[in-house]
Structures are given as C-alpha cells and as structure tokens.
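Below is one structure, written out as structure tokens; the observations come after it.
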Amino acid sequence: MMLKKVLGTAVAGVLMASMVGCSGETEETESNTQAAAEPQGETWRYAHEEFEGDVQDVFAMKFKEYIEDNSAHTLEVYRFGELGESDDIMEQTQQGILQFVNQSPGFTGSLIPEAQIFFIPYLLPVEDDKIIEFFKTSEAINEMFPELYAEQGLELLRMYPEGEMVVTADEPVRTPADFDGKKIRTMTNPLLSETYEAFGATPTPLPWGEVYGALQTNIIQGQENPIFWIESGGLYEVSPNLIFTGHGQFTTAMMANQDFYEGLSAEDKELVQSAADYAFNHITEYVQGLSEEKLQAILDASDEVTVTRLTEEERQAFMDRAPQVEDKFIEMTGESGQELLQQFKEDLQEVNAAE
Ligand code: 6CS
C-alpha cells in the first residue's frame, strides 16, 4: 500500500515531463504518413483517484474499452499516485495536460463549492437501488451540475455513487459523545469538516496518500470511506472498528477538459458521451452488493474487526445535527446552493415515492 504510493509519486515527475508539450494527437511518423487511408487516432489521457480493480478503475477501463473498440483513438489510464494526488490530476486536466479526470466532490469543494452538497449528512439514501436510481434520474445531478462544472472549464460526463460511507475508528462509536477528542480524517472540503464537527469529532482534512500512515501512527483516530476502499486500502488493519452510521454515500464525478471536448468533431463527442454512458451503466450494476461482498472479505481477513450498526435511536442523535450542516452549506454557496438543494430534495422525493 505505502510502497505503491511512494513508487507512484516517483514516476509522476517522469510522466509529467514526457507529457508537457503533447497535444494529445498522435505524432506523425513516416509509416502513418504513408498509410494515409487509415483512420488517424489520437492518444487521450485519463487519470483517476484509485488503484487497479477499484470502482473508479473499473469505470475507466470500461470507458477505455468503448473508446478503443469504436474508434482509432487510444486511451491511457493513470491510477492513484502515478500523476500525484487528486488535486494534482484536476489541475493537470484544467491545464489540458490530461483530457479526462475522475475527481470526487470530496476534493472538488474548493473549486465548486456546490459540490459539497454530497456532504450534508443524511441527505442521500444509503440503499444501492435508491442511490442508483437517484443518479440516473436526478435533474440536479444530470442538468444542474454540468453547468457548475462548465464554469470551471470542465465538461461533466457522469456522476456516480461508489458505496455507503462507513466510519472506521480506534474504538466503536455509538454516540456523538464517543467521538469526543477523536481526530477523524476527512477529504479536503470545508463542509465535511462541518459535518464531523457537528458529530462531535475533531475533523482533520488530509489528502488520501497520508491516511494509512496517519492511522497507523495514531495521528488520527478514524476516517470514513466506502467498504470496498476500506478493504482494498487495508484501512481495517489500522482502524479496525467499522461503524455504519447511515449518514452518506461516496460520490464521484468523471469529466473532460472542456476546451478539448469542444474541439472534438461531432462524431467524437458522441463517442465520448456513449463511452461515458457505457461505463456508467456497467458501474451501476457493479457497485450493487459490492459493500456486502467486501465486508465479508474484511471479516475473513481479520479477527480484530468489529462492526457497529447504529440503531434508529442512535442514528437520530447524529441526524439531529444535520440541519446545522445544511445551514452552513447555504451560507457557503448562497442562492445557487439553495436552488441545487431544493432540486436535490425534489429528485430524492421522486426516488422515494417510486418505492
Ligand atoms: O478517501 C479518499 O480520499 C479516497 N476514497 C475513495 C473511495 N476513492 C478515492 C479517494 O481519494
């Protein structure tokens, strides 16, 4: 785990050096000049925040499969650490060094404050079928968010859920008082800090690369993530008490550099949209039941792990603190956030009514 991180950071500089100055177009060589009748493909670069076989990687590989099966283009996929942290790959995409990026709203909050809506606790359902239906049908997700990303030079292609957020800590937590004095790592957005403060903890924003080590050395006493990531990152080894609070979903977003996208032919735009739809349809199947499967893998791998599922009454004590986070969200985002939140709630009502 840690070795992967160090190696990844070391190669990032080398890759960056070879990329700067590339436009994404295939270099003209003697042989491809001669084969003028052949369709000329370009090489596009796509970076995400996870490791081989994780949810964002499965999405990326499906996107790649569609692009390469249906065009002469090639897609290079870069995983966590190969080009730096989440903020680095976003910056590289905005600069046009990368054509595609998968960045989670957990890190996009400083760029697009409204993206922090996903961190209002107890807003989103935790059930797989409901959350998937929400992402498929929500006007807020599919019509309002693309406009917000466009303001930052990004063409939002898809948002999708990766799984219910589960807290891990150095001991089981059942009440806000149990969080007292615990430093809980959050992704780096201010609203998530508000959530953990409201929950009674001391929020500690950190980039992903520092989380395992900080848990191991007790610099932090807990963190939150979906089960598949707790399993694949080995977080249960250093933070063995799993607490199902029911407060949220890990959500992510996949997008393109907008100048690049706008410069594509109509045919290539259609190709990119279809590839994103293809990957989305696959991932919404893939994530169903993934948490249960990976929880079993954790339990098989460790005797130390405990699982705490809050009762309705225990959950209520955390839910009671959600309105103050919602107020903060409005304070941070103003009218735009208010409109988004209203639409979110209407979209969620429809999903719940369709039960
Ligand atoms: O906690 C994090 O920072 C990471 N969690 C997941 C599920 N994906 C990527 C992200 O960096």
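In this text the structure is predicted, and so the values were computed from the model without any measurement. One-based numbering, in listed order, for ligands and for the atoms of each.
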> Does some side-chain heavy atom of Asp57 sit less than 4.5 Å from a side-chain heavy atom of Arg79?
Replying inline: yes

One pair per line, please: each N/O atom of ligand 1 matched with every protein N/O atom under 3.5 Å away, atom names first, then the distance to 0.1 Å.
{"unit_1": "ligand 1", "atom_1": "1 (O)", "unit_2": "Arg185", "atom_2": "NH1", "d": "2.7"}
{"unit_1": "ligand 1", "atom_1": "1 (O)", "unit_2": "Asn225", "atom_2": "OD1", "d": "3.3"}
{"unit_1": "ligand 1", "atom_1": "1 (O)", "unit_2": "Asn225", "atom_2": "ND2", "d": "2.9"}
{"unit_1": "ligand 1", "atom_1": "3 (O)", "unit_2": "Arg185", "atom_2": "NH1", "d": "3.4"}
{"unit_1": "ligand 1", "atom_1": "3 (O)", "unit_2": "Arg185", "atom_2": "NH2", "d": "2.9"}
{"unit_1": "ligand 1", "atom_1": "5 (N)", "unit_2": "Asn225", "atom_2": "OD1", "d": "2.9"}
{"unit_1": "ligand 1", "atom_1": "5 (N)", "unit_2": "Trp229", "atom_2": "NE1", "d": "3.4"}
{"unit_1": "ligand 1", "atom_1": "8 (N)", "unit_2": "Glu50", "atom_2": "OE2", "d": "2.7"}

> Does any pair with a residue in residues 100-125 pass ring-ring contact (aromatic ring centres under 6.0 Å, His included), and if so which ones, sequence neighbours excluded?
Replying inline: Trp44-Phe100, Phe63-Phe100, Phe100-Phe260, Phe118-Phe145, Phe118-Phe344

>> Could you work out, with side chain to side chain donor-acceptor pair (under 3.5 Å) as the rule, every residue matching Lys64, not counting sequence neighbours?
In response: Glu68

> Does any N or O in the side chain of Asn225 come within less than 3.5 Å of the main-chain N or O of Ile230, such that one atom is a donor and the other an acceptor?
Replying inline: no

>> Taking the side chain as everything from C-beta on, heavy atoms only, tell me whether Glu231 gets closer than 4.5 Å to Leu295.
In response: no

> Is there any salt bridge (charged side-chain N to carboxylate O under 4.0 Å, His left out) pair reaching into residues 149-159, and which pairs are they, with sequence neighbours excluded?
Replying inline: Arg158-Asp277

